[in-house]
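All remarks here apply to the structure that follows.
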Amino acid sequence: MQQAIHHFQIKSQPVFCKVFGHGNINYTFQITTDNRKQYILQRINTHVFKQPVELMENVIAVTQHIRSKVSDPKQVLCFVPALDGKYYYCDERRRYWRCYEFVDGFCLEAPETNADFYESAVAFGRFQDQLSDFPAEVLHETIPNFHNTPDRYRLLHIAMDEDACDRLQFVQKEIDFIMEREQEAATIQRLLESGEIPLRVTHNDTKLNNVLLDMKTRKALCVLDLDTVMPGSSLFDFGDSIRFGAATAPEDVQELSRMGLDLNLFEVYTRGYLDGCHSLTNREVELLPLGAKIITLELAVRFLTDYLESDHYFKTQYPDHNLVRARAQLKLVEDMEAKWYQMQKIIERYKEN
Ligand code: GN1
Ligand code: MG
């Protein structure tokens, strides 16, 4: 890693480096140089992102598009070119690195106040709005079928058939719950395919911890982690924020009784997202709760698939981590179902305005 930083066009001398953030996928470091400038150096996980060059093309195209629309340079990530002018460096072990200017701010794992969560909603809403005129056809699909829920079910079925590490016996209850909802889980994909809702350029990983907030004002500065920016549905972007940020417990909570949906935060996020984004159709707004439910179910399917396939995708901290994560997501789905009527009511209020 110390080697990699020297391959980027930074003018000062790196003197300090530490591991940074909590990503489940990439390896992230914060670099400080002798004139106190700071950078983020990241090694792209090429097991997950099999086309790092295309991925960086997406990221650069999207950040340039947003940069042409914002007045404050802090509102969009600024990538540093490598010595050869490309926006990545591939080392002799074929590991891919990229570097961007560190923007001083902080990310939250859970909202501390309603205002924090509102800010993150405005940031993701704005992001959607800023990209509403971006030509989606120039983007590569960096992870094909990333939020294609029926395809995620298909992969779970395969993992169940193979049962590579004999774990299926421990998860029958979870599988039953998931399969009872298989039809419904395909709804958003169906609506996209029929053209009832538009395919947009979306972020696809809209967790609260992917928004950078200003240290002093706590206002949203910019949206981070653009690896999965691809054509997709706004419903999933909205939904993933709810899944992560409007939950009453972390996504891998073991004590299931702690996990549920906080309706107050659901409302706060809805308000912020729609304040930031004016380009959603009425049909999309109506379907926002479904976005939250399906993305939560989809992630449970993904965690469970990884559990059955012996944890090769998500980083895990202990043997049953993926199972614990899947259970927590399913508990959240259950609670969303219990609060379905209230979620609909909240959305109706914002649709009328
Ligand atoms: C992964 O690395 P991170 O935490 O930003 C995953 C998301 C999941 C999330 C669950 C490329 O994101 O889809 O929602 O974990 N990213 C990828 O925590 O698979
Ligand atoms: Mg991510």
Side-chain angles (χ1 to χ4, degrees), residues 19-29 40 42-52 54-56 58-59 62 77 96 98 100 107-110 120 123-124 127 139-149 151-152 155-156 185 188 202-212 222-233 235-247 249-254 259 291-307 309 311-318 321-333:
V19 173
F20 190 77
H22 296 100
N24 286 338
I25 304 289
N26 292 319
Y27 306 86
T28 307
F29 308 92
I40 292 293
Q42 253 177 345
R43 173 150 78 81
I44 302 173
N45 181 332
T46 44
H47 180 62
V48 171
F49 297 108
K50 300 195 189 313
Q51 302 170 307
E54 283 83 355
L55 180 152
M56 284 313 292
N58 281 0
V59 169
V62 164
L77 289 184
Y96 283 81
R98 59 163 171 227
Y100 58 88
C107 298
L108 291 171
E109 289 302 314
S120 76
F124 281 122
F127 183 83
L139 290 181
H140 307 281
E141 206 180 340
T142 44
I143 303 183
N145 294 318
F146 189 55
H147 285 324
N148 178 339
T149 318
D151 199 61
R152 294 294 186 178
L155 297 174
L156 175 59
I188 294 179
T202 48
H203 183 278
N204 294 307
D205 189 13
T206 50
K207 299 190 293 188
L208 175 68
N209 61 9
N210 279 332
V211 174
L212 191 71
C222 68
V223 164
L224 307 174
D225 190 0
L226 307 174
D227 294 337
T228 47
V229 172
M230 277 183 281
S233 169
L235 304 186
F236 288 142
D237 267 10
F238 172 88
D240 209 24
S241 299
I242 298 301
R243 174 193 76 72
F244 188 81
E251 70 177 16
D252 58 354
V253 67
Q254 306 219 12
M259 180 52 107
K293 178 173 164 182
I294 294 184
I295 200 76
T296 309
L297 193 54
E298 183 191 280
L299 190 60
V301 167
R302 294 174 60 197
F303 284 145
L304 205 61
T305 305
D306 202 31
Y307 175 73
E309 290 176 346
D311 313 308
H312 62 83
Y313 186 89
F314 294 103
K315 291 185 210 157
T316 50
Q317 269 126 42
Y318 51 90
H321 201 170
N322 273 319
L323 177 57
V324 166
R325 286 165 169 155
R327 286 186 172 143
Q329 299 308 297
L330 294 178
K331 175 69 198 311
L332 183 53
V333 170

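Counting starts at 1 for both ligands and their atoms, in listed order.
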**Asked** Heavy atoms only: which of Asp306, Leu299, Thr296 is nearest to atom 8 (C) of ligand 1?
**Response** Leu299
**Asked** Is a side-chain donor-acceptor pair under 3.5 Å present for Asn26 with Thr28?
**Response** no
**Message:** So for ligand 1, is Thr228 a polar contact partner (N or O within less than 3.5 Å, distance only)?
**Reply:** no
**Ligand-residue contact atoms, ligand 1 with Asp225, heavy atoms, under 4.0 Å** = 5 (O)
**Message:** I'd like to know if Arg327 pairs up with Asp252 as an ion pair, taking the criterion as any Lys NZ or Arg NE/NH1/NH2 lying under 4.0 Å from an Asp or Glu carboxylate oxygen.
**Reply:** no
**Request:** Give a yes/no verdict on whether any heavy atom in Phe314 is under 4.0 Å from an atom of ligand 1.
**Result:** yes
**Prompt:** Where do Asn148 and Asp151 land on the side chain to side chain donor-acceptor pair (under 3.5 Å) test, with the steps shown first?
**Reply:** CA-CA 5 Å; Asn148 178 339; Asp151 199 61; 5.1 Å; no
**Prompt:** For Ile25 and ligand 1, does the shortest N/O to N/O distance drop below 3.5 Å?
**Reply:** yes
**Complete:** Rounding to 0.5 Å, atoms CZ (Arg325) and OG1 (Thr316) come to a distance of 6.5 Å
**Asked** What are the atoms of ligand 1, with element, lying closer than 4.0 Å to any heavy atom of Tyr313?
**Response** 11 (C), 17 (C), 19 (O)
**Prompt:** Backbone N or O of Phe314 within a donor-acceptor pair of the Asp306 side chain at under 3.5 Å?
**Reply:** yes
**Prompt:** Of all the atoms in ligand 1, which lie at a distance below 4.0 Å from a heavy atom belonging to Phe49?
**Reply:** 11 (C)
**Prompt:** Side chain or backbone of Arg243 under 4.0 Å from ligand 1, or both, or neither, by non-hydrogen atoms?
**Reply:** side chain
**Asked** With Gln329, which of Glu298, Arg243, Arg302 fulfils side chain to side chain contact (heavy atoms under 4.5 Å, CB included)?
**Response** Arg243
**Request:** Before signing off on this row, confirm whether Lys207 and ligand 1 have an N or O atom pair separated by under 3.5 Å.
**Result:** yes
**Item:** Residue list, side chain to side chain contact (heavy atoms under 4.5 Å, CB included) with Thr206, at least two apart or on another chain
**Value:** Phe124, His203, Asp237, Asp240, Ser241
**Asked** Heavy atom under 4.0 Å from ligand 1: found in Asp205's side chain, backbone, both, or neither?
**Response** side chain
